[in-house]
Number of protein chains: 2
Amino acid sequence: MATIYEVAKAAGVSLATVSRVMNNNTPVRQATRTKVLAAMAELGYRPNSIAQSLASNCSNSIGILVSELHGPFYGAMLTGIEAEFRAAGKHVIIAAGHSERETEQDGIEFLKSRNCDALILHVEAVSDDYLIELAQGDTPFVLLNRHIDALADRCISLNNELGGYLATQHLLEQGHRQIAYIAGPMWKTDARERYAGHQRALQEFHCALNTGLFFEGDFRETGGSEGLQSIIASKQPFTAVVCANDEMASGALTTARELGYRVPEDFSVVGFDNVNFAYYTYPKLTTIDYPISAMGHMAARWVLSQVYQQADTEVQQVFEPYLISRDSTHLII
Amino acid sequence: MATIYEVAKAAGVSLATVSRVMNNNTPVRQATRTKVLAAMAELGYRPNSIAQSLASNCSNSIGILVSELHGPFYGAMLTGIEAEFRAAGKHVIIAAGHSERETEQDGIEFLKSRNCDALILHVEAVSDDYLIELAQGDTPFVLLNRHIDALADRCISLNNELGGYLATQHLLEQGHRQIAYIAGPMWKTDARERYAGHQRALQEFHCALNTGLFFEGDFRETGGSEGLQSIIASKQPFTAVVCANDEMASGALTTARELGYRVPEDFSVVGFDNVNFAYYTYPKLTTIDYPISAMGHMAARWVLSQVYQQADTEVQQVFEPYLISRDSTHLII
DNA sequence: TTGTACGCGTTATCAT
DNA sequence: ATGATAACGCGTACAA
């Protein structure tokens with residue numbers, strides 16, 4: 001690969017001049033610029049961005065850490081982020097944290113060691129204190145889907161409690177009073193918040209919480225299947241099931257059918273996230289919209305404005321979810 | 001951030017020695033090693049991997065280019081790749097090509113300029129010639145889901161033609177003779193190959209191809225919906241629909257239901273890929289298994305063995321798909 | 001407007 | 001076993 005030095009020699013100028021036409025920050029005579037450009041083209045020169053990073057201490061790349069690379073949720077998030085940065089000429093380095101503390105920390109260290117100019121983190125297992133300490137360092141970062149008071153200005157999050165509230169409120173307004181709940185892993189903040197919203201709605205309607213109708217799932221289809229089976233096995237009557245995300249709702253729908261139940265005639269089901277496939281389940285899933293793609297865009301804009309002084313856009317930090325009513329929920333007679 | 005130089009000073013040794021204990025490739029006296037390690041710990045030293053890359057011309061990072069970051073297909077692929085590399089201590093830089101020639105080429109250039117030791121490419125829009133030329137360069141790469149004769153040894157692909165054949169053969173064996181086909185974008189190789197397999201099965205069963213029952217979709221849910229509507233509008237009788245992937249099959253199932261058709265009683269539907277949600281559609285989707293995660297693993301192993309001389313595993317280059325029969329297809333009476 | 005020279009944080013090749 | 005010292009490819013004062 002040709003270096004800047006060879007280009008300089010071919011163009012009959014110095015290294016510095018070549019560097020200048022590349023970054024065009026310093027005036028260069030038109031004639032010289034043309035010569036250099038020609039030499040670059042001829043040699044098929046491509047700047048070595050590693051060397052650029054080392055010299056300039058700016059890599060034009062942003063590190064992203066998510067829990068998983070697959071799944072409808074993270075996929076939409078990554079796409080939102082990548083689209084925004086590509087348009088700005090920045091690039092993206094991605095690592096997976098797998099919801100494990102050590103893996104998440106490793107990932108962050110790796111991203112920092114790659115000279116990322118900023119980090120976008122969707123971390124679940126790492127402690128608040130760790131992140132507060134991380135904020136002392138000199139790599140700026142935003143937190144996605146997590147709220148920490150001490151770091152409020154770098155958090156972009158959804159009001160999960162409200163979402164949980166809306167889901168259950170919808171059922172209560174439809175006349176349901178015996179409502180089962182399939183939660184996410186309760187060590188995860190968003191799982192707890194969504195459940196808290198569920199409880200608030202129940203209280204507001206003076207409806208007692210039946211802990212026999214509670215199941216802690218894993219945010220995956222299998223969790224929804226197991227949850228529904230467990231709830232049915234408990235013999236407690238229920239007319240609706242709230243699932244803490246759409247994957248579990250999908251699993252619950254499938255298992256309900258296998259067991260001979262009809263949704264929503266026998267019981268209603270509501271999900272959370274409004275991922276792509278929620279429109280294609282049978283019946284179409286009533287769910288809570290999580291504007292994850294928009295939030296990815298927003299995180300990227302935060303970086304663009306705070307770190308690169310680009311982007312004039314206002315950064316919205318807390319997003320409000322809303323209910324999408326489809327066919328899996330039903331008025332109770 | 002502490003540098004190797006400060007560590008050296010703190011430990012009372014030279015740079016070179018510090019470097020040696022880090023890479024432990026040259027013998028270092030135990031006492032010295034301990035001193036250096038202590039100094040590193042005390043200063044919270046983290047090597048700057050950008051500088052390491054520049055000096056060693058090896059970044060321990062692999063560039064991945066996929067068409068999209070979302071969707072069940074790419075997600076599974078990325079996860080397979082990332083898992084393999086993480087276990088080997090390598091890291092991954094990901095870019096999206098969006099199935100557009102220019103974006104794909106940009107992505108490749110970016111990845112090369114980041115000093116990636118190797119590339120894993122899932123490219124659809126760039127030409128064979130471009131890739132053959134790229135192979136002259138000094139960044140090794142594997143091609144995923146693409147076969148080019150001149151680059152056969154760096155291709156890891158699925159026998160798409162066979163998959164297309166199996167899908168249609170299954171229907172023919174069930175007695176279907178009027179079979180509609182919703183294809184992917186026909187400029188994509190895998191879409192064409194799958195369709196070719198469909199045609200071969202038809203021929204083998206002496207069943208005429210009815211081009212009125214053909215629709216070119218977009219590999220997304222909407223394509224399946226539009227395809228089914230178009231086929232129904234054509235007024236041609238049919239008893240089965242082959243969809244070139246599961247997303248389109250899912251769209252077709254939903255639209256069928258909306259229009260009052262029952263699957264598989266009124267007509268059968270078969271998909272392709274066996275993505276995660278194919279088990280959770282209603283009815284459960286008969287489909288062709290695409291071992292995409294395994295192929296991601298394999299691509300990673302190719303890199304590990306060819307580029308890093310690690311991994312003793314045999315590299316399997318062509319994968320064979322097989323049929324997974326579920327509830328969306330039906331014997332014809 | 002252009003060139004010189006130094007620095008970025010490592011690795012690697014020599015000596016010692 | 002360890003220590004100087006030259007790369008690696010580029011950015012950038014500073015000087016001209």
Checklist entry - What's the OH-P distance between Y45(B) and dT10(C), to the nearest Å? => result 3 Å
Checklist entry - Could you give the OH-to-C1' distance, from Y5(A) to dG11(D), as a whole number of Å? => result 17 Å
Checklist entry - Which part of the nucleic acid does N115(B) contact within heavy-atom distance under 4.0 Å: base, sugar-phosphate only, or nothing? => result nothing
Next on the checklist: What contact category does T3(B) fall into here, base, sugar-phosphate, or nothing, at under 4.0 angstrom with non-hydrogen atoms?
Outcome noted: sugar-phosphate
Checklist outcome for this item: By nearest-heavy-atom nucleotide on DNA chain D, the more 5' of T17(B) and A55(A) is T17(B)
Item to check | Degree of bending in the helix from dT1(C)-dA16(D) to dT16(C)-dA1(D) once both end axes are built from five pairs, to 10° | outcome: 40°
Checklist entry - At under 4.0 Å between heavy atoms, what does V18(A) touch on the DNA or RNA strands: base, sugar-phosphate, or nothing? => result nothing
Checklist entry - At under 4.0 Å between heavy atoms, what does R46(B) touch on the DNA or RNA strands: base, sugar-phosphate, or nothing? => result sugar-phosphate
Checklist entry - What are the two closest heavy atoms between A95(A) and R86(B), and how far apart are they? => result CB-NH2, 4.3 Å
Checklist entry - Hey, which of these two, L15(A) or T26(A), hits DNA chain C nearer its 5' end, going by closest nucleotide? => result T26(A)
Next on the checklist: Heavy atoms only, 4.0 Å cut-off, all strands: where does N57(B) land among base, sugar-phosphate and nothing?
Outcome noted: nothing
Next on the checklist: Measure CD/Q52(A) against C1'/dG9(C) and give the value in whole Å, please.
Outcome noted: 17 Å
Checklist entry - Which part of the nucleic acid, if any, lies within reach of T32(A) when heavy atoms closer than 4.0 Å are counted: base, sugar-phosphate only, or nothing? => result sugar-phosphate
Checklist entry - Starting at CD of E6(A) and ending at P of dC8(D), how long is that distance when rounded to a whole Å? => result 10 Å
Checklist entry - Roughly, in whole Å, what's the span from CG in L54(B) to P in dG9(C)? => result 12 Å
Item to check | Length of the CZ-P vector between R20(A) and dC10(D), whole Å | outcome: 16 Å
